[in-house]
Amino acid sequence: MGSIGSPNDQLKVLVTGAAGFVGQELAAALLNDPKVSHITLTDIVEPTVPATASPSKGRARCVKADLASHEARESLFTPDLDCIYLLHGIMSGQSESDLELGLKVNVDTVRAVLDLLRRTNIGVKVVFPSSLAVYGPANDGEIISEKTVPMPQSSYGAEKFMMETLINDFSRRKLIDGRIFRLPTVIVRPGAPTGAASSFASGIIREPLKGERSVLPVSRDLRMYICSPWTLVKNLIIARDIPAQKFGPSRTVVLPGIASSVQDMLDALEQVGGKKALDLVEEKVDETTNRIVASWPADFDFSRATSLGFVPEGTLLENVQEYARRYVKG
Ligand SMILES: NC(=O)c1ccc[n+]([C@@H]2O[C@H](COP(=O)([O-])OP(=O)(O)OC[C@H]3O[C@@H](n4cnc5c(N)ncnc54)[C@H](O)[C@@H]3O)[C@@H](O)[C@H]2O)c1
């Protein structure tokens with residue numbers, strides 16, 4: 001049982017979905033964290049050690065594996081692990097268009113991993129990123145918190161909520177030490193567009209800042225609950241270190257973010273990239289995307305996160321400026 005056995009500065013950590021967006025950002029931070037002695041990065045796509053983590057590359061092991069495989073799970077989820085970040089998954093748009101795949105990855109692999117852990121690594125810390133997609137549409141003026149009854153309007157949201165429930169129950173039984181976080185939509189994401197219905201929110205900033213066109217598939221007044229990757233990663237590290245008893249009867253926490261309209265995003269784009277960047281955004285409403293994203297609430301009370309020690313999000317402009325500083329050349 002690594003979580004009990006290892007001293008606090010010798011943590012053995014496993015990150016699934018480590019070739020993904022959050023996985024890569026988190027891996028870089030974990031590799032620069034002196035508390036972590038060993039880190040395994042795994043994904044169905046060969047994960048790499050992020051370049052920004054170069055001084056500590058030696059502590060990382062990269063494993064290409066499909067978590068639907070029993071053998072892969074048995075070899076990866078060893079009893080010496082102290083903390084596991086379960087980041088792998090099929091995102092909202094793809095889970096909606098391919099129900100079988102969403103269920104297989106977002107439910108079956110997570111259930112299988114949790115079952116393995118409760119038998120072989122009792123009490124291990126499991127950090128699970130859930131989503132605001134567990135909620136249904138908010139009433140006018142309604143502020144959402146952990147106390148709001150989830151009513152998912154997408155298969156992705158339903159799958160996340162099912163796994164939240166299981167992790168809460170296994171934590172109540174002290175089989176694992178689960179930590180469940182309802183993430184805002186994380187922007188600005190570098191790289192390529194994704195299967196997430198919210199993919200456009202990064203795309204309308206990322207593509208124009210590199211001089212490429214981007215389609216805006218929702219209306220400008222649509223509001224979203226968002227946070228930056230940098231705030232999220234800080235909070236995912238804090239998530240690991242919170243004493244279990246501080247959570248009380250529920251392990252579920254809404255992470256800090258800010259409410260932002262699509263217009264706010266376009267304004268931030270214009271401030272950072274100028275009118276020439278803004279002109280590259282083409283408005284073409286896609287009803288499915290609009291429906292899914294509009295069903296997610298935007299106004300959250302994250303005071304539980306604040307009381308647990310999580311850090312707040314900065315402004316949208318700071319987020320876009322930081323993205324440009326890190327990823328936009330010239
Ligand atoms: N990015 C966001 O805005 C956001 C918001 C809320 C919640 N989340 C959650 O955070 C986590 C990470 O999100 P992300 O944006 O990095 O997603 P991502 O799509 O970039 O990464 C997910 C990774 O899971 C991997 N994966 C899929 N099937 C797998 C399998 N069978 N075996 C092993 N790996 C598999 C993929 O290859 C991918 O690299 C996800 O669970 C997501 O649901 C993200």
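Atoms within a ligand are numbered from 1 in the order they appear, just like the ligands themselves. From a predicted model like this one, the values you see are computed outputs, not experimental measurements.
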Counting from 1 in the order shown, the ligand 1 atoms closer than 4.0 Å to a non-hydrogen atom of Y156 are 6 (C), 7 (C), 8 (N), 9 (C), 42 (C), 43 (O)
Within 4.0 Å of some non-hydrogen atom of T185, the atoms of ligand 1 are 3 (O)
Judged by heavy atoms only, the candidate from K160, K104, M163, E25 nearest atom 41 (O) of ligand 1 is K160
Notebook entry, point to check: T194: heavy atom below 4.0 Å from ligand 1, yes or no?
Noted result: no
Quick one: do F310 and F302 satisfy ring pair (Phe, Tyr, Trp, His ring centres under 6.0 Å)? Show the steps, please. CA-CA 9 Å; F310 290 98; F302 55 83; over 10 Å; no
query = Will you find, in the side chains of D43 and T16, an N or O donor that is under 3.5 Å from an N or O acceptor?
reply = no
The protein heavy atom nearest to atom 13 (O) of ligand 1 is V22 CG2, 3.9 Å
The atoms of ligand 1 lying under 4.0 Å from a heavy atom of A19, numbered in the order shown, are 39 (O)
Self-check item: Flag, side chain of E313 to backbone of I226, donor-acceptor distance under 3.5 Å
Solution: no
re atom 2 (C) of ligand 1, the protein heavy-atom contact at minimum distance is V186 CG2, 3.6 Å
Exercise. Is it true that the side chains of D177 and S171 contain a donor and an acceptor less than 3.5 Å apart?
Worked result: no
Counting from 1 in the order shown, the ligand 1 atoms closer than 4.0 Å to a non-hydrogen atom of D66 are 30 (C), 31 (N), 32 (N)
For V45, the ligand 1 atoms with a heavy-atom partner under 4.0 Å come out as 37 (O)
protein heavy-atom neighbour closest to atom 15 (O) of ligand 1 works out as R189 NH1, 2.9 Å
Note: A133, heavy atoms under 4.0 Å from ligand 1, region reported as neither
Note to self: Before you tell me yes or no, could you show the steps for E100 and K104 under salt bridge (charged side-chain N to carboxylate O under 4.0 Å, His left out), namely the whole-Å CA-CA distance, both residues' side-chain angles and the distance that decides it to 0.1 Å?
What the structure shows: CA-CA 6 Å; E100 297 302 333; K104 179 179 156 192; over 6 Å; no
Atom 21 (O) of ligand 1: closest protein heavy atom, distance to 0.1 Å, is G20 CA, 3.4 Å
task = State plainly whether the residues R240 and D33 are in salt-bridge range, i.e. N to O under 4.0 Å.
result = yes
The answer for which part of A65 has a heavy atom under 4.0 Å from ligand 1 is backbone
Please determine if D108 and R111 form a salt bridge, counting it only when a charged side-chain N lies under 4.0 Å from a carboxylate O. no
Salt bridge check, D279 against K275: does any charged N sit closer than 4.0 Å to a carboxylate O?
yes
In this structure, atom 27 (C) of ligand 1 is nearest to the protein heavy atom G89 O, 3.6 Å
Taking only non-hydrogen atoms of S130 and a 4.0 Å limit, the atoms of ligand 1 in range are 6 (C), 7 (C)
Subject >> Ion pair check, K160 and E164, cut-off under 4.0 Å >> reply: no
Under 4.0 Å between heavy atoms, the region of M91 that gets near ligand 1 turns out to be side chain
To atom 32 (N) of ligand 1, the nearest of L67, L26, L86 on a heavy-atom basis is L67
With heavy atoms and a 4.0 Å threshold, my read on which part of A18 contacts ligand 1 is neither
Distance only, no hydrogens: is a donor on one side chain within 3.5 Å (strictly under) of an acceptor on the other, for T231 and S228?
yes
ask   = Mind checking whether W230 and Y327 have parallel, tilted or perpendicular rings, split at 30° and 60°?
value = parallel
| L87 heavy atom under 4.0 Å from ligand 1 | yes
If you measure from the Lys or Arg side-chain nitrogens to the Asp or Glu carboxylate oxygens, is any gap between R223 and D264 under 4.0 Å? no
Heavy-atom proximity to atom 37 (O) of ligand 1, picking from V110, L183, D43, points to D43
Is there a side chain to side chain donor-acceptor pair (under 3.5 Å) between Y323 and R206 once you walk through the steps? CA-CA 9 Å; Y323 173 82; R206 180 185 59 228; 5.1 Å; no
At under 4.0 Å between heavy atoms, what of V105 touches ligand 1? The answer is side chain
What do you reckon, does P184 put a non-hydrogen atom under 4.0 Å from ligand 1? yes
_Any atom of ligand 1 sitting under 4.0 Å from a heavy atom of R182?_
no
heavy-atom search around atom 35 (C) of ligand 1 in the protein gives I44 CG2, 3.7 Å
Do E283 and R220 meet the salt-bridge criterion of a basic N to acidic O distance under 4.0 Å? yes
